[in-house]
Amino acid sequence: MPIRVGVIGAGIMGADHIRNLSTSIGGAVVSFVADLDAGSAAAAAPPSARITTDPSELINSSEVDAVVVASHDSTHAGLVLECFEAMTPVLCEKPLAPTVLESTEVVAADADMVAATGASLLSLGFMRRFDPGYVALRRAVQGRAQGEPLMVHCISRNASAAPGATAESAITNSAIHELDIIPWLLDSPITEVSWQAGKSTRLADAGLQDPALMTLRTADGTLTTLELFLNAQYGYTTRCEVVSERGTTAIQDSAMLRIEQEGTTQEQIPADWRPRFADAYRLQLQAWISALAAGDKPSLAGGQDGLNASLVAQAMIQSLHSDGAATKVNYL
């Protein structure tokens, strides 16, 4: 029998998850979709799925075996805790929660669940861990193909920032990917961070310094730079280059879209991240569904990974409000 999945949130990410689960993931069926906008839920849901504006109805439904939380960041912690109460496995989109306090509460509840049942119900959607480019880069770094890693350079650019984006939300919602992937890539925790910015684009909303330059120092001494530019206009680009003792290793710049029109073919940089990470999202969902079907522990990021990223983000925000002073990361 397929795993019956309920998806909470029918926006950009939720609709993508619904499409993948319905068309590309073996062993799964979308049985329920929840969104505060009933029209959005109906538009995203497959014909056979029920829809609701009440996430609690979905979580507690006998027609749902597992839940994907793809709603607004501010709802993540509460919905994950509801899934724990219903004893329902949950895949929560990043971040685990926008604050350290909420993340800590979820991780503590997850630990209680493991102590009582021997298994965690929580998986976290840091999909870059499944991206073929990042996986190959990690394999090269772990195998010391070019010797010891010395520095890492990351670039993350979006066409335009989300409405209401701030310097703080740029860290907790966008840079959070690098705050997770760098310790995963280097197998070493981030111990110190700093945030810097110079001239800001006139296209940024008040409260958003854009672009920003962040540095991350891991326990092994490797220094990482991250340029985050949310209003780059031309499209979505992500880059990661590891500088080692005997050479460098880098992932592909971006996923170019091929557009054929009137007998000619043009390449265009996509406006958002979904084409670049389409494979990563599919591979992550399939790994989650396959593990649930087999009764195994999913290989996705977990609650502690989400809490660690939140703690690094908190230190980065502290640096932001301290004129870019280097700030230590205090893990719990």
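When a residue number appears, it is its place in the shown sequence, counting from 1. What's counted below: heavy atoms across the whole structure, side chains too, no hydrogens, waters or symmetry copies.
The local environment of CG in Leu36 is sparse, with at most 12 non-hydrogen atoms from other residues, nucleotides or ligands closer than 6.0 Å.
Proximity of Glu168 to His321: side-chain heavy atoms (C-beta onward) are separated by under 4.5 Å at one or more points. With a 4.5 Å cut-off on side-chain heavy atoms, Phe32 and Ile8 do not count as touching. At least one side-chain heavy atom of Val312 sits less than 4.5 Å from a side-chain heavy atom of Val193. You'll find the side chain of Leu121 stays beyond 4.5 Å of the side chain of Cys83, heavy atoms only. Between Val152 and Thr218 the shortest side-chain heavy-atom distance does not fall below 4.5 Å. Taking 4.5 Å as the limit, every side-chain heavy atom of Pro270 sits out of range of all side-chain heavy atoms of Asp272. At a threshold of 4.5 Å between non-hydrogen side-chain atoms, the residues Gln304 and Val107 count as touching. Contact annotation: the side chain of Ile289 approaches that of Leu21 to within less than 4.5 Å [non-hydrogen atoms, C-beta and beyond].
Between Ala42 and Ile51, the closest heavy-atom pair is CB-CD1, 3.8 Å. Scanning all heavy atoms of the two residues, the minimum distance from Leu292 to Pro89 falls at CD2-CB, 3.8 Å. Summarising the geometry of Ala70 relative to His17, their closest heavy-atom pair is CB-CD2, 4.2 Å, with the distance given to 0.1 Å. The minimum heavy-atom distance between Gly6 and Val64, with the atom names listed, is N-CG1, 3.8 Å. Arg246 and Gly147 get closest at one heavy-atom pair: NH2-N, 3.5 Å. Nearest approach of Tyr331 to Asn308, heavy atoms of both residues: CD2-OD1, 3.6 Å.
In this structure, Ser31 contributes its side chain and Glu63 its backbone to a donor-acceptor pair below 3.5 Å. At least one donor-acceptor pair closer than 3.5 Å links the side chain of Ser188 to the backbone N or O of Ala219. A donor-acceptor contact shorter than 3.5 Å is absent between the side chain of Asn173 and the backbone of Ser169. For the pair Gln233 (side chain) and Ala159 (backbone), a donor-acceptor distance under 3.5 Å is present. Ser123 places no side-chain N or O within donor-acceptor distance of the main-chain N or O of Ser299, the cut-off being under 3.5 Å. For the pair Arg239 (side chain) and His153 (backbone), a donor-acceptor distance under 3.5 Å is absent. Under the 3.5 Å distance criterion, the side-chain polar atoms of Glu227 are left unmatched by any main-chain donor or acceptor of Ile155. Counting only distance, with no hydrogens or angles, the side chain of Asp305 and the backbone of Gly302 share a donor-acceptor pair below 3.5 Å. With hydrogens and angles disregarded, no donor-acceptor distance shorter than 3.5 Å links the side chain of Gln314 to the backbone of Thr99. Within the 3.5 Å criterion, the main-chain N or O of Ser310 finds no donor-acceptor partner in the side chain of Ser103.
With hydrogens and angles left out, the side-chain atoms of Ser290 and Gln286 include a donor and acceptor closer than 3.5 Å. Arg274 and Tyr281 are not linked by any side-chain donor-acceptor pair at a separation below 3.5 angstrom, with hydrogens and angles left out of the test. Residues Ser194 and Thr215 have side chains that bring a donor and an acceptor to within less than 3.5 angstrom of each other. Between the side chains of Glu102 and His76, no donor-acceptor pair of N or O atoms lies under 3.5 Å. Under the 3.5 Å distance criterion, with hydrogens and angles disregarded, a donor-acceptor pair is assigned to the side chains of Glu57 and Thr52.
Distance CG/Leu228 to CD/Glu178: 7.5 Å, rounded to 0.5 Å. Rounded to the nearest 0.5 Å, atoms NZ (Lys94) and OG (Ser174) are 6.0 Å apart. A distance of 8.5 Å separates OG1 in Thr327 from CE in Met316, rounded to the nearest 0.5 Å. Distance CG/Asp35 to CG/Asp54: 12.0 Å, rounded to 0.5 Å. Taking CE of Met127 as the reference point, atom CG of Leu283 lies at 12.0 Å (rounded to 0.5 Å). Distance check, rounded to the nearest 0.5 Å: SG of Cys154 to CG of Leu185 gives 8.0 Å.
Under the 4.5 Å side-chain heavy-atom criterion for grouping Ile, Leu, Val, Met, Phe, Trp and Tyr, Val80 is connected to Met87 within one hydrophobic cluster. Cluster annotation: Val33 and Val5 are assigned to the same hydrophobic cluster (Ile/Leu/Val/Met/Phe/Trp/Tyr, side-chain heavy-atom contacts under 4.5 Å, transitive). Under a hydrophobic clustering in which Ile, Leu, Val, Met, Phe, Trp and Tyr are joined whenever their side-chain heavy atoms come within less than 4.5 Å, directly or via other members, Leu332 and Val106 fall into the same cluster. Hydrophobic clustering, with ILVMFWY side chains joined whenever heavy atoms are under 4.5 angstrom apart, groups Ile317 together with Leu226. Residue Leu81 is grouped with residue Ile59 when hydrophobic side chains (ILVMFWY) are merged at heavy-atom distances under 4.5 angstrom, including chains of intermediate members.
Residues passing the side-chain contact (heavy atoms from CB on, under 4.5 Å) test with Ala204, sequence neighbours excluded: Ser200, Thr201, Leu208, Asp210, Asn231.
Relative ring orientation between Tyr236 and Trp273 is described as perpendicular, the plane-to-plane angle rising above 60° on a 0-90° scale split at 30° and 60°.
Each of Leu300, Ile176, Ile181 was checked for a side chain to side chain contact (heavy atoms under 4.5 Å, CB included) with Phe126, and the lone residue meeting it is Ile176.
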Could you walk me through whether Arg276 and Thr238 pass side-chain contact (heavy atoms from CB on, under 4.5 Å), step by step? CA-CA 8 Å; Arg276 168 63 184 84; Thr238 184; 3.7 Å; yes

Starting from the C-alpha separation in whole Å, work towards a yes-or-no answer on side-chain contact (heavy atoms from CB on, under 4.5 Å) for Phe130 and Trp288. CA-CA 11 Å; Phe130 286 85; Trp288 182 58; over 6 Å; no

Given Trp195 and Ile171, is the side-chain contact (heavy atoms from CB on, under 4.5 Å) satisfied, shown in steps? CA-CA 10 Å; Trp195 182 97; Ile171 294 168; 4.0 Å; yes

Give the C-alpha distance, both sets of side-chain angles, the deciding distance and a yes or no for side-chain contact (heavy atoms from CB on, under 4.5 Å) between Leu122 and Leu96. CA-CA 10 Å; Leu122 174 61; Leu96 179 58; 4.0 Å; yes

